[in-house]
Amino acid sequence: MSVLEIRDLHVTVETDEGTTPILNGIDLTIRTGETHAIMGPNGSGKSTLAYTIAGHPKYTVTQGSITFDGEDVLAMSVDERARAGLFLAMQYPVEIPGVTVTNFLRTAKTALDGEAPSIRQWTKDVKGAMANLRMDPKFAQRNVNEGFSGGEKKRHEILQLEVLQPKLAVLDETDSGLDVDALKIVSEGVNRAKESTNLGVLLITHYTRILRYIRPDYVHVVVAGKIVEEGGPELADRLEDEGYDRFLDPGAPVEA
């Protein structure tokens, strides 16, 4: 069993107004085999948490720690975090012109494992994962995310998840921009990965609709950079009915 532990995490970011605190003391423990949903209003710090775990240079940790299987994640480079078994599915995946999906995936797998996978088995695995995600086989020869629709970009993120087989996946608003059919397909891919590899999942979302397909073991509500309430799946159901108003300062404007 692998364990990600976040303790008293404080994170800032540089803006036009200067140094701005975003996370203000996050404590969280995620084990493989568990699914944790992070929910909260816009601007609460959910994506900042995701990118801090992944090592985005935009964010500065000013206090606290992140460890994975006892190792200091904050001391690792981005690629070292990936090799340790951490995976980030981005809310807005970037284009990589000139690099095909098939070359990208095989290069990533080689970097993770330290050796190139067998061509025959690798081709079979990728084709099988693409079929499960209902992706056209021609997709493999397209450049990464170049000209992809929103749904194609999200399916490609889950394709990476299935074939690279990390220990823990951070899914940053994977449901955004998906219609109902694409949402089901993407959710099925996450569930397959979890069932086949005992994947741990940190699922970041505004809404409960994806939680109908990826059922969380734990739900954490983040407001103003802090976890203000925790519970089981029933907490997500309550948020669906009540929203986030009860966590917000009545005198503060509510961001759309």
Side-chain angles (χ1 to χ4, degrees), residues 4 6-30 34-54 56 58-64 66 88-92 150-151 154 169-184 186-187 190 200-256:
L4 179 73
I6 301 171
R7 293 289 175 265
D8 192 30
L9 186 67
H10 292 248
V11 175
T12 63
V13 65
E14 293 299 323
T15 68
D16 293 339
E17 289 73 36
T19 301
T20 302
I22 304 295
L23 299 183
N24 300 297
I26 295 288
D27 290 291
L28 190 62
T29 300
I30 306 169
E34 298 177 348
T35 297
H36 292 247
I38 298 286
M39 304 187 70
N42 287 334
S44 58
K46 302 184 302 299
S47 291
T48 295
L49 176 61
Y51 284 95
T52 301
I53 293 170
H56 196 298
K58 176 181 177 181
Y59 302 98
T60 300
V61 176
T62 58
Q63 184 175 318
I66 304 176
L88 172 65
M90 295 182 286
Q91 182 180 0
Y92 303 109
K154 296 305 174 69
V170 180
L171 309 180
D172 185 23
E173 299 195 31
T174 298
D175 51 339
S176 66
L178 297 182
D179 60 28
V180 173
D181 291 335
L183 179 63
K184 289 181 179 179
V186 163
S187 299
V190 175
V201 177
L202 178 60
L203 176 60
I204 294 170
T205 183
H206 287 294
Y207 308 109
T208 59
R209 63 175 192 155
I210 194 172
L211 303 183
R212 299 170 191 165
Y213 307 109
I214 304 174
R215 198 64 174 164
D217 300 298
Y218 306 95
V219 175
H220 313 270
V221 181
V222 175
V223 176
K226 296 181 179 180
I227 294 177
V228 296
E229 188 165 344
E230 298 177 298
E234 72 283 349
L235 178 54
D237 297 333
R238 184 180 176 189
L239 291 171
E240 176 76 6
D241 295 331
E242 301 178 1
Y244 299 108
D245 284 355
R246 64 192 176 93
F247 300 110
L248 302 175
D249 180 352
V254 178
E255 185 177 351

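Predicted model, so just to flag it, every value in this text is computed and none were measured. Residues take their numbers from the sequence shown, with the count starting at 1.
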Residue pairs involving residues 200-211 (criterion salt bridge (charged side-chain N to carboxylate O under 4.0 Å, His left out); sequence neighbours excluded): none
Inter- and intrachain pairs under salt bridge (charged side-chain N to carboxylate O under 4.0 Å, His left out), touching residues 17-29, at least two apart: none
Contacts of His10 that satisfy ring pair (Phe, Tyr, Trp, His ring centres under 6.0 Å) - sequence neighbours left out: none
Set of ring pair (Phe, Tyr, Trp, His ring centres under 6.0 Å) partners for Tyr218, sequence neighbours left out: His36
Has [X] got a side-chain atom pairing as donor or acceptor with [Y]'s backbone, closer than 3.5 angstrom?
| X | Y | answer |
| --- | --- | --- |
| Lys154 | Ala89 | no |
| Asp217 | Thr35 | yes |
| Lys46 | Ile38 | no |
| Asp172 | Leu88 | no |

side-chain hydrogen bond (donor to acceptor under 3.5 Å, both in side chains) between Glu14 and Thr19, worked out: CA-CA 5 Å; Glu14 293 299 323; Thr19 301; 2.5 Å; yes
Leu235 and Met39: CA distance, side-chain angles, deciding distance, side-chain contact (heavy atoms from CB on, under 4.5 Å) verdict: CA-CA 10 Å; Leu235 178 54; Met39 304 187 70; over 6 Å; no
For [X] and [Y], which heavy atoms make the closest approach, and how far apart are they?
| X | Y | result |
| --- | --- | --- |
| Glu230 | Ile227 | CG-CG2, 3.4 Å |
| Asp175 | Ile204 | OD1-O, 4.4 Å |
| Ala236 | Val219 | CB-CG2, 4.1 Å |
| Pro233 | Pro216 | CG-O, 3.1 Å |
| Asn24 | Ala224 | ND2-O, 2.9 Å |

Under the side chain to side chain donor-acceptor pair (under 3.5 Å) test, residues paired with Arg246 that sit two or more places apart: Glu229, Glu242
Parallel, tilted or perpendicular: rings of Tyr59 and His56 (30°, 60°): perpendicular
Contacts of Asp237 that satisfy salt bridge (Lys or Arg N to Asp or Glu O under 4.0 Å) - sequence neighbours left out: Arg215
